[in-house]
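In what follows, chains carry the letters A, B, and so on, assigned in the order in which the sequence lines appear, proteins first and then strands, with residues in each chain numbered from 1.
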Amino acid sequence: MNLDSTEKSDEQIEILLSDALEKYGYDFTGYSRASLKRRIMRLYVLDQFVSFAEFRYKLRTEPGYFKRFLEQITINVTEMFRDPEFYKTLRKEVLPKLGTYPFIRIWVAGCSTGEEAYSISILLKELNFLKKSLIYATDINSSVLEKAAQAMIPLSKMKQYSENYIASGGSENFSDYYAANYSLARLNDDVKAKIVFSTHNLVSENSFNEFQLILCRNVIIYFDRQLQTNVFELFDNSLEKFGYLALGSKETLDFSTISKKYKRLDSAKIWQKIR
Amino acid sequence: MKHCDAFIIGGSAGSLDVLLKVLPSLDLLLSFPIIIVLHRKPGTDNVLTGLLSSKTKLPVKEVEEKEKINRSTIYIAPSDYHLLIENNKTFSLDASEKVNFSRPSIDVIFQSAAEVYGEDLVCLLLSGSNNDGIEGLKKVKENGGMAIIQNPLSAAVSYMPAQAALHVNIDEVLEIEDIADYINQLSK
């Protein structure tokens with residue numbers, strides 16, 4: 001790619017995005033450009049292309065390489081109990097309300113490798129709601145879902161997750177939820193028993209169920225305002241009245257068309273649908 | 001005098017004290033925004049924003065995603081997110097992998113701003129103990145912007161500005177007490 005000129009490289013990014021849409025049906029044109037461009041440039045350098053033409057050709061002609069492209073430009077950084085205060089609010093305020101329902105359906109949209117879905121599962125288990133719950137965990141990227149379904153987490157990360165768990169108000173022994181297997185922690189079967197992993201593209205696909213809680217954290221920061229609006233409407237169509245929508249710590253519903261139907265909780269980036 | 005559309009400050013260990021000394025002497029009308037990216041622990045955002053705003057009458061705010069960038073405003077990158085700038089001069093946040101063991105990373109903001117502001121960008125690298133910011137300053141220079149560092153000799157932790165001086169063609173080396181004047185003079 002032309003690394004000398006910003007205008008030139010901006011144009012080249014647009015060409016790649018229209019290729020991705022035309023050849024593979026993945027629409028990234030509503031993504032914020034700064035972050036997307038950084039990811040694409042990073043991949044270009046990482047895979048040692050010598051020209052934009054070569055990069056584009058490989059992307060257009062090799063579906064296997066497009067899979068890599070998809071894996072590399074989408075962001076799959078996640079943690080168990082990330083933002084412990086957020087999980088404290090779920091545990092103390094939101095989930096107890098959902099516990100009054102005969103059946104609880106939760107959607108984790110943009111679940112990446114599953115850490116958030118597992119965290120929710122642990123909370124539900126500790127509140128004795130897990131048996132009557134089902135967690136749908138979806139992502140655009142099928143490779144991360146394969147990983148998520150395995151429920152194997154590097155043991156080195158478990159110390160941080162354990163600290164997060166305690167900070168979020170967890171009082172059980174966190175290490176009871178997994179078995180150490182060489183350098184990996186294998187989460188117990190009951191932690192994953194009520195999670196269904198499936199691909200879903202927020203940009204192009206419709207609502208597939210009605211939920212009482214939707215979590216979509218640190219996903220819409222990568223979308224432009226128009227796409228954010230579309231995705232919020234999708235969530236609104238997928239949420240029961242009095243259901244909850246949880247966003248990332250720097251995301252907001254404020255500028256959206258659906259915001260007047262929602263009321264924010266004081267303690268977290270969680271909105272309840274009130275009409 | 002250099003035309004400046006954005007002034008960006010990157011700092012790590014030992015740089016908070018510098019900011020606390022610089023902020024009180026800044027003019028209240030600046031023709032550009034000041035964008036600050038500091039390495040720190042997650043969850044300490046409100047404390048930092050409060051502390052810095054107690055030192056100046058300029059508005060100090062933690063960046064919201066998609067926020068429009070205004071002049072005469074001090075923006076703080078939130079912890080645990082990379083900060084980037086879009087072509088339309090709005091902020092983007094990004095929760096991707098750490099860069100140089102850091103999120104926010106100074107390299108990420110410098111590189112992103114260099115693409116958008118080109119020669120109208122001035123970046124200042126302060127005290128610190130890692131390599132973050134060096135690649136970013138290189139990109140700033142390639143795109144015609146200015147690269148400035150705090151004098152490593154008087155920095156609380158000299159490593160970061162010293163590495164910048166070794167690897168980048170630095171335009172100015174500033175003492176703490178000269179930084180505010182320097183920023184004020186860029187404004188017109």
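- Under the side chain to side chain contact (heavy atoms under 4.5 Å, CB included) rule, Ile179(B) has a single partner from Leu23(B), Leu124(B), Leu19(B), which is Leu124(B).
- At a 4.5 Å heavy-atom cutoff, the contact between Arg39(A) and chain B is made by side-chain atoms alone.
- Val63(B) touches chain A through its backbone: at least one of N, CA, C or O sits under 4.5 Å from a heavy atom, while the side chain does not.
- Side-chain contact, Asp47(A) with Tyr65(A): a donor N or O sits under 3.5 Å from an acceptor N or O.
- Across Gln111(B), Lys98(B), His82(B), Lys66(B), the residue that shares the most heavy-atom pairs under 4.5 angstrom with chain A is Lys66(B).
- There is no contact between Glu7(A) and chain B, counting heavy-atom distances below 4.5 Å.
- Tyr165(A) pairs with exactly one of Phe174(A), Tyr87(A), Tyr118(A) by the ring pair (Phe, Tyr, Trp, His ring centres under 6.0 Å) rule, that one being Phe174(A).
- Annotation for Lys141(B): atom NZ counts as buried by contact number, over 12 foreign heavy atoms lying within 6.0 Å.
- Interface remark: Ser96(B) contributes backbone and side-chain atoms alike to the contact with chain A (heavy atom separation under 4.5 Å).
- For chain B, the nearby parts of Ser249(A) are the backbone and the side chain; heavy atoms of each come within less than 4.5 Å.
- Proximity to chain A among residues 5-16 of chain B is not found for any residue, judged by heavy-atom separations below 4.5 angstrom.
- A salt bridge (charged side-chain N to carboxylate O under 4.0 Å, His left out) with Arg217(A) is found for one member of Glu116(A), Glu251(A), Glu79(A) and no other, namely Glu116(A).
- Side-chain contact, Glu175(B) with Ser154(B): a donor N or O sits under 3.5 Å from an acceptor N or O.
- Between Lys37(A) and Ser9(A), the side chains place a donor N or O and an acceptor N or O closer than 3.5 Å (distance only, hydrogens not considered).
- Under the 3.5 Å distance criterion, the side-chain polar atoms of Glu86(B) are matched with a main-chain donor or acceptor of Arg33(A).
- Heavy-atom distances place the side chain of Asn87(B), and not its backbone, under 4.5 Å from chain A.
- Within the 4.5 angstrom heavy-atom criterion, only side-chain atoms of Arg38(A), from C-beta onward, approach chain B.
- Ring centroids of Phe69(A) and Phe66(A) are separated by less than 6.0 Å, placing the two rings close together.
- The one candidate from Tyr244(A), Tyr136(A), Phe197(A), Phe235(A) that meets the ring pair (Phe, Tyr, Trp, His ring centres under 6.0 Å) condition with Trp107(A) is Phe235(A).
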